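Okay, so here's the structure we're looking at.
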There are 2 protein chains.
Amino acid sequence: MGTMPDRTGNPRISQPAVRRYSHYYRTLLEARGRGDVSVSSRELAERTGVTSVQVRKDLSMIGTFGKRGLGYPVDGLLYELAQVLGLDSRWPMVLAGVGHLGTALLNSARFRRKGFPIVAAFDVDEERIGTMVGGLHVQHIDLLPHVIRQLDARIGIIACSPHAAQEVCDQMVKAGLRALLTFMPVNLEVPAGVRVRHHDILVELEALAFGLRQEEELSEDVDNPGA
Amino acid sequence: MGTMPDRTGNPRISQPAVRRYSHYYRTLLEARGRGDVSVSSRELAERTGVTSVQVRKDLSMIGTFGKRGLGYPVDGLLYELAQVLGLDSRWPMVLAGVGHLGTALLNSARFRRKGFPIVAAFDVDEERIGTMVGGLHVQHIDLLPHVIRQLDARIGIIACSPHAAQEVCDQMVKAGLRALLTFMPVNLEVPAGVRVRHHDILVELEALAFGLRQEEELSEDVDNPGA
DNA sequence: TATTGTGAAAGGGTTCACAGCG
DNA sequence: CGCTGTGAACCCTTTCACAATA
């Protein structure tokens, strides 16, 4: 465990950087769609909303693929980013909670297309169990451990009711999942080594409200400065 | 514009901090639900997954409400956080794109309950226009500017198809919205002063895949060290 | 004694300035 | 000349150590 980058070129990549890689990847796909064969850091930067230096720093973290004076080869960079982000593998997912949100997720073809297929759906509601949603039979949640092992699922999506979230989470962890994505406003307790990402829309909305509110106060302070 | 905190106690609050405030707020609501009258920074920290010092630093940014030796008063802190996050106002939202995702959002009572009601829904599909979803009539997107002004909407939600996202975004900005939440994998171009938050599930999934992949490589390197 | 509040130190990420190449 | 690549400076956030106080 030295300071040396490993053979993949990983000298320690931060979470924000990983997020940016996702954006670069998407932007490169668009560029390829337009027939571009190479792309400059500035171009990439403008389309993703960061600086061009940031792009170069980020890309230099995973290797050196650019041609000076020219830019980066679209195909080559796509390949490398796919490698880093793990997009050269499939990551089968299971979903718990087939409400409105779960249904929306199950009906999206995008995840499957991008290598993150939802391979099983679970619920506790007898009315829902057995029905077909997004091409899958909804199964009883008790089958979760068995199905996860059978289908070799890697990621768990928690879209059930908030009060069931922790229990579902426990079951997923016990069944061997090490990566969870939850949409519920509940802080999940998981053992070390299990990654959880919260996707709480309300947090985003509150952040937006904070920004708007701050702007308001700022303009009020123009009329009402000092103490 | 000195270094002095303004009278609200704002010495410059970072985005990550705002997100944590959201989590604290939610945790405090739970504490109040259990009848707790005061809560320590450690407790708040454990439930939100940060350190207790972080909690104290964060809270000291917006004022000093704790009683030493005791902790923070639940009600008082809730009030202050609500103030900071703008939860003492309502933030009416409009939604564009009544597909699976849009429908899921419209059917969620949570946003309305928390002060972020969706007050209008739009689409371009003639089949959808006029139907009722989540208690709202779906209207033609061309009515967006008019309705935004009429209902004094503050936040726009973009849940339409990716290729329409930029156009919808432009219309929302033109109609006066300064805060947008998009679920589409498209980088929106907006004028300065307009806040956009991307909520792309695929980015989260790719970040999870990155983590899992990294762990795999790490354990492989045990068998296969050096070059 | 338990816990908050905070100046100072440390750490991590971003930006700068410029060297290196095509 | 254009654009990448990168060590160093800078800045912001987190952590530490400890003073303050119910």
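From a predicted model like this one, the values you see are computed outputs, not experimental measurements. Every chain is numbered from 1 and lettered A, B, ... according to where its sequence line falls, protein lines coming before strand lines.
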*Compare every heavy atom of A:L78 with every heavy atom of A:Y25, then report the nearest pair and how far apart it is.*
CE1-O, 3.4 Å
*Stepwise side chain to side chain donor-acceptor pair (under 3.5 Å) test for B:T27 and B:R47*: CA-CA 7 Å; B:T27 307; B:R47 290 192 208 281; over 6 Å; no
Which whole-number value in Å describes the distance from [X] [atom1] to [N] [atom2]?
| X | N | atom1 | atom2 | result |
| --- | --- | --- | --- | --- |
| A:E80 | D:dG5 | CD | C1' | 16 Å |
| A:I62 | D:dT4 | CD1 | C1' | 14 Å |
| A:E43 | D:dG2 | CD | P | 16 Å |

Between [Y] and [X], does any NZ, NE, NH1 or NH2 come within less than 4.0 Å of an OD or OE carboxylate oxygen?
| X | Y | result |
| --- | --- | --- |
| A:D88 | B:R213 | yes |
| A:R42 | A:E46 | no |
| A:R154 | B:E216 | yes |

*asked:* As an exercise, state the distance from CZ of B:R20 to OG of B:S22, rounded to the nearest 0.5 Å.
replied: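 Atom-to-atom, B:R20:CZ and B:S22:OG are 11.0 Å apart.
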*May I ask you to evaluate whether A:S41 reaches the phosphate of D:dC3, defined as a side-chain N or O under 4.0 Å from OP1 or OP2?*
no
*Would you give a per-nucleotide map of nucleotides 12-22 of chain D, 5' to 3', where B means the base has a protein non-hydrogen atom under 4.0 Å away, S means only the sugar-phosphate does, and - means neither?*
-SSBB--BBBB
*Does any donor atom in the side chain of B:Y21 or B:D58 lie under 3.5 Å from an acceptor atom in the other side chain?*
no
*asked:* Applying side chain to side chain contact (heavy atoms under 4.5 Å, CB included), can you list everything that pairs with B:R197, at least two apart in sequence or on another chain?
replied: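 In terms of side chain to side chain contact (heavy atoms under 4.5 Å, CB included), with neighbours along the sequence ignored, B:R197 is linked to A:E204, A:A207, A:L208, B:Q15, B:R19, B:L181.
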*Can you pull the contact range of chain A along DNA chain C, 5' to 3', using atoms under 4.0 angstrom from its heavy atoms?*
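Counting from the 5' end, contacts occupy C:dG13 to C:dG22.
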